[in-house]
Amino acid sequence: QLRLVESGGGSVQTGGSLRLSCTVSGYTFKKGWFRQTPGKEREMVAVIETGRGTTSYGDSVQGRFVISQDNDKFTAYLQMNSLKPEDSAMYYCAASLNSGDFGFWGQGTQVTVSS
């Protein structure tokens, strides 16, 4: 059983930046960030494959957000730049032990971008 602890959410104005952190208690195959707002489906933001470090991004954040990980590979970061009001959401860290679905989730951290 993995435990995920997120931090770094908050409020920022349009165009600002925030960095989210997610520390995982054990080995993962991949880590990711997802977001959700009330009434909408959960959206994939960014994913990093732990071993190779390969990354993928949702279309809406491509070129603005960067996912990375610590050298020990237990902490993932989401650097969010050029934030827009539509980026406002609850952001969740997730982890998987294999290439399939994400089975472990953090408690979520709120990001609010004001215009």
Side-chain angles (χ1 to χ4, degrees):
Q1 187 78 8
L2 289 176
R3 183 167 175 260
L4 287 70
V5 179
E6 302 145 332
S7 62
S11 298
V12 66
Q13 291 188 326
T14 297
S17 297
L18 284 173
R19 189 174 83 153
L20 307 182
S21 300
C22 173
T23 300
V24 188
S25 61
Y27 162 83
T28 60
F29 179 83
K30 59 183 178 182
K31 300 179 288 290
W33 289 96
F34 294 76
R35 67 186 184 187
Q36 190 169 24
T37 54
K40 292 189 177 181
E41 290 191 0
R42 188 170 58 201
E43 175 188 7
M44 188 276 283
V45 176
V47 174
I48 185 166
E49 189 176 318
T50 301
R52 296 189 296 174
T54 53
T55 59
S56 59
Y57 296 92
D59 290 342
S60 61
V61 305
Q62 183 78 43
R64 298 187 298 123
F65 290 13
V66 177
I67 188 169
S68 62
Q69 60 186 355
D70 258 353
N71 287 338
D72 62 10
K73 300 183 180 179
F74 288 112
T75 300
Y77 303 99
L78 183 69
Q79 178 66 42
M80 305 185 293
N81 301 318
S82 302
L83 283 161
K84 307 174 183 179
E86 51 264 43
D87 293 318
S88 297
M90 185 69 78
Y91 283 71
Y92 296 92
C93 179
S96 177
L97 302 180
N98 51 52
S99 60
D101 292 340
F102 286 90
F104 302 93
W105 295 84
Q107 78 281 2
T109 185
Q110 180 68 40
V111 171
T112 302
V113 184
S114 59
S115 56

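These numbers come from the heavy atoms of this one structure, side chains and all, not from hydrogens, waters or symmetry mates.
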Looking at side-chain heavy atoms only, is the closest gap between Phe102 and Val47 below 4.5 Å?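 Counting from C-beta outward, Phe102 and Val47 do come under 4.5 Å.
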
Check: Asn98 side chain, Gly100 main-chain N or O, donor-acceptor pair, under 3.5 Å: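 Yes, Asn98 side chain to Gly100 backbone: donor-acceptor pair under 3.5 Å.
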
Hey, is the main chain of Ser82 close enough, under 3.5 Å, to the side chain of Arg64 for a donor-acceptor pair?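 Between the backbone of Ser82 and the side chain of Arg64 there is a qualifying donor-acceptor contact (under 3.5 Å).
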
Evaluate side-chain contact (heavy atoms from CB on, under 4.5 Å) for Phe104 paired with Leu97, printing each intermediate quantity in order. CA-CA 9 Å; Phe104 302 93; Leu97 302 180; 3.8 Å; yes

What pairs of residues pass the disulfide bond (SG atoms under 2.5 Å apart) test when at least one of them lies in residues 25-69, not counting sequence neighbours?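 Residue pairs with at least one partner in residues 25-69: there are none.
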
Listed once per pair and sorted, the disulfide bond (SG atoms under 2.5 Å apart) pairs that draw on residues 28-115, sequence neighbours left out: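 Those involving residues 28-115 are Cys22-Cys93.
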
To check you understand the geometry: which heavy-atom pair defines the closest contact between Thr37 and Ser88, and what is its length?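 Scanning both residues, the minimum pair turns out to be CG2-O, 3.1 Å.
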
Please go through Val113's hydrophobic cluster and name the other residues, only I, L, V, M, F, W, Y counting, with side-chain heavy atoms under 4.5 Å joining them.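 For the cluster that includes Val113, the remaining residues are Val12, Leu18, Leu20, Trp33, Val45, Ile48, Tyr57, Val61, Phe65, Val66, Ile67, Leu78, Met80, Leu83, Tyr91, Val111.
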
Run through the side-chain heavy atoms of Ile, Leu, Val, Met, Phe, Trp and Tyr, join any pair under 4.5 Å, and report what else lands in Val5's cluster.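 Same cluster as Val5: nobody, lone residue.
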
First locate atom [atom1] of [X], then atom [atom2] of [Y], and finally report the distance between them rounded to the nearest 0.5 Å.
X	Y	atom1	atom2	value
Thr23	Glu6	OG1	CD	10.0 Å
Arg35	Met90	CZ	CE	13.5 Å
Lys73	Thr28	NZ	OG1	9.5 Å
Gln69	Ser21	CD	OG	13.0 Å
Lys30	Ser56	NZ	OG	8.5 Å
Phe74	Lys31	CZ	NZ	8.5 Å

Enclosure of Gln13 CD (heavy-atom neighbours >12, cutoff 6.0 Å):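 Not more than 12 within 6.0 Å, no.
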
Take atom CG in Asp59; do more than 12 heavy atoms of anything else shown fall under 6.0 Å from it?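 Result for CG/Asp59: open.
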
Glu49: what forms a salt bridge (charged side-chain N to carboxylate O under 4.0 Å, His left out) with it, not counting sequence neighbours?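 If we apply the salt bridge (charged side-chain N to carboxylate O under 4.0 Å, His left out) test to Glu49, skipping adjacent residues, the hits are Arg52.
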
Side chain to side chain donor-acceptor pair (under 3.5 Å) pairs, two or more places apart, involving residues 101-115: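 Matches after skipping sequence neighbours: none remain.
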
